[in-house]
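Nothing fancy with the numbering, it's 1 onward along the sequence.
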Amino acid sequence: MNARALDLTQLRTFIAIHDAGSISAAAEQIFLSQSTVSEQLKKLEERAGQPLLVRSRKGMRATPAGTRLLAYARQIAALSEAAFEDLQGVLLDGELRIAITDYYRPHDVARVLKRFTSLYPRLRLHVSAMQSSQIERSAMTGEHFDVGLALRLMNEDVADGTATNDDLGGASATLVRRERLVWAMAATQTAPVDTPLPLVTLPRTCALQTLVASVLERHKVAYRVSHSAAGVAGMQLALAAGLGVSCLNESALTPELIVCPPSLGLPTLPRAEFHLLPGRADETDLIRHARNALLRLFA
């Protein structure tokens, strides 16, 4: 390797660690062992001649040098992907309708879509944030979108630990990301949480809302509905305002929110998984290629 060159695989691993917040979370997302991910970061830092990521209370954060490199790394990875697509004769030109669950990395999804449009500037996107139940039900008909990314929940009762779809259950899909589900509350909360537990809820059609209620009832935790939110953004605002406690996936936590302390005695939650739904038999080459390109960016 050229002494002044940077390894593309190491750069991609560096991006994954930064975005996931930890080596263990990155390892799950890019399907490598923690030791391999750690070793790739170590080699990249040795080549850079300085630390790029440091541990903090909120996870791995970039050093000043890491912040500078991160911008280059994203460009290099994007150009590599674009070059590969070009060599394969793929030209994405047309319109694409994308449906994304509003739980998926709400602080980062805009960056993912920006990268996608920079790679394929001739592709016109129509993006909708939808409930996973809507995305699942419309997936095979293509009535509302061409590519769908939905939240599915790990069923604790499944002995082999495989994912089940609590919304619809059935269709084969591609796992792109796993996250912990956590009990969240306002970071400014100082007074003890009331009993029964003040619960911020989402509409009954939300699979996560159904899960929360069933977990609390199964563990005999008394609760009352303190506030009803219309979507994830509303949930974040209600929790930040101190209106109660609820369940969120880790990437949906905002700086105004914290994970509830163990002293509250709340039951353990299963993990969430984000799945890119399979294509229909009659879909066009444009949609198929776009789905594969999005898969690389969503992961």
Side-chain angles (χ1 to χ4, degrees), residues 19-26 28-29 55-61 101-109 129 131-132 151-158 161 163-164 166-167 177-274:
D19 291 352
S22 70
I23 288 175
S24 58
E28 283 194 5
Q29 291 172 22
R55 287 181 173 83
S56 70
R57 288 188 301 173
K58 294 186 177 182
M60 301 288 278
R61 63 175 180 82
T101 170
D102 51 359
Y103 284 104
Y104 176 78
R105 299 169 69 178
H107 315 299
D108 203 36
V109 69
Q131 287 187 7
S132 289
L151 170 71
R152 293 181 175 184
L153 305 173
M154 294 294 290
N155 189 337
E156 290 181 310
D157 298 325
V158 177
T164 61
D166 289 344
D167 291 324
R177 183 180 178 88
R178 285 194 182 101
E179 288 188 24
R180 283 197 312 153
L181 292 177
V182 297
W183 296 102
M185 60 188 288
T188 55
Q189 178 80 29
T190 55
V193 175
D194 294 339
T195 302
L197 184 75
L199 187 67
V200 179
T201 65
L202 288 171
R204 293 179 180 273
T205 53
C206 174
L208 199 52
Q209 170 59 39
T210 302
L211 170 76
V212 168
S214 65
V215 168
L216 291 175
E217 290 165 6
R218 189 164 67 246
H219 289 83
K220 296 180 170 52
V221 177
Y223 68 91
R224 61 179 177 83
V225 176
S226 62
H227 183 81
S228 179
V232 174
M235 170 75 76
Q236 293 166 330
L237 289 172
L239 293 175
L243 300 182
V245 169
S246 197
C247 166
L248 282 173
N249 53 303
E250 280 188 306
S251 71
L253 292 176
T254 67
E256 294 77 25
L257 302 178
I258 59 171
V259 176
C260 293
S263 58
L264 289 186
L266 296 175
T268 301
L269 294 162
R271 285 193 294 182
E273 295 188 341
F274 293 95

- Query: Hey, what do you get for CZ (Arg271) to CG (Asn249), rounding to the nearest 0.5 Å?
  - Reply: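 One finds 13.5 Å between CZ of Arg271 and CG of Asn249.
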For a 4.5 angstrom cut-off between non-hydrogen side-chain atoms, does [X] reach [Y]?
X: Arg218; Y: Pro267; result: no
X: Val182; Y: Cys260; result: no
X: Leu257; Y: Leu248; result: yes
X: Trp183; Y: Leu264; result: no
X: Val232; Y: Tyr104; result: no
X: Ser226; Y: Val200; result: yes
X: Tyr223; Y: Val212; result: no
X: Arg55; Y: Ile23; result: yes

- Item | Side-chain ion pair, Glu250 and Arg180, N-O less than 4.0 Å | yes
- Tell me, which pairs form a salt bridge (Lys or Arg N to Asp or Glu O under 4.0 Å) where one or both residues lie in residues 192-208, sequence neighbours left out? Asp194-Arg224
- Message: Once salt bridge (Lys or Arg N to Asp or Glu O under 4.0 Å) is applied, what residue pairs with a partner in residues 225-249 remain, sequence neighbours excluded?
- Response: none
Is the side chain of [X] donor-acceptor paired with the backbone N or O of [Y] at a distance under 3.5 Å, no angle test?
X: Asp108; Y: Asp19; answer: no
X: Ser22; Y: Gly59; answer: no
X: Gln236; Y: Ala252; answer: yes

- Message: For Ser251, run the side-chain hydrogen bond (donor to acceptor under 3.5 Å, both in side chains) check against Arg105, Arg177, His107, Glu179 and tell me which one passes.
- Response: Glu179
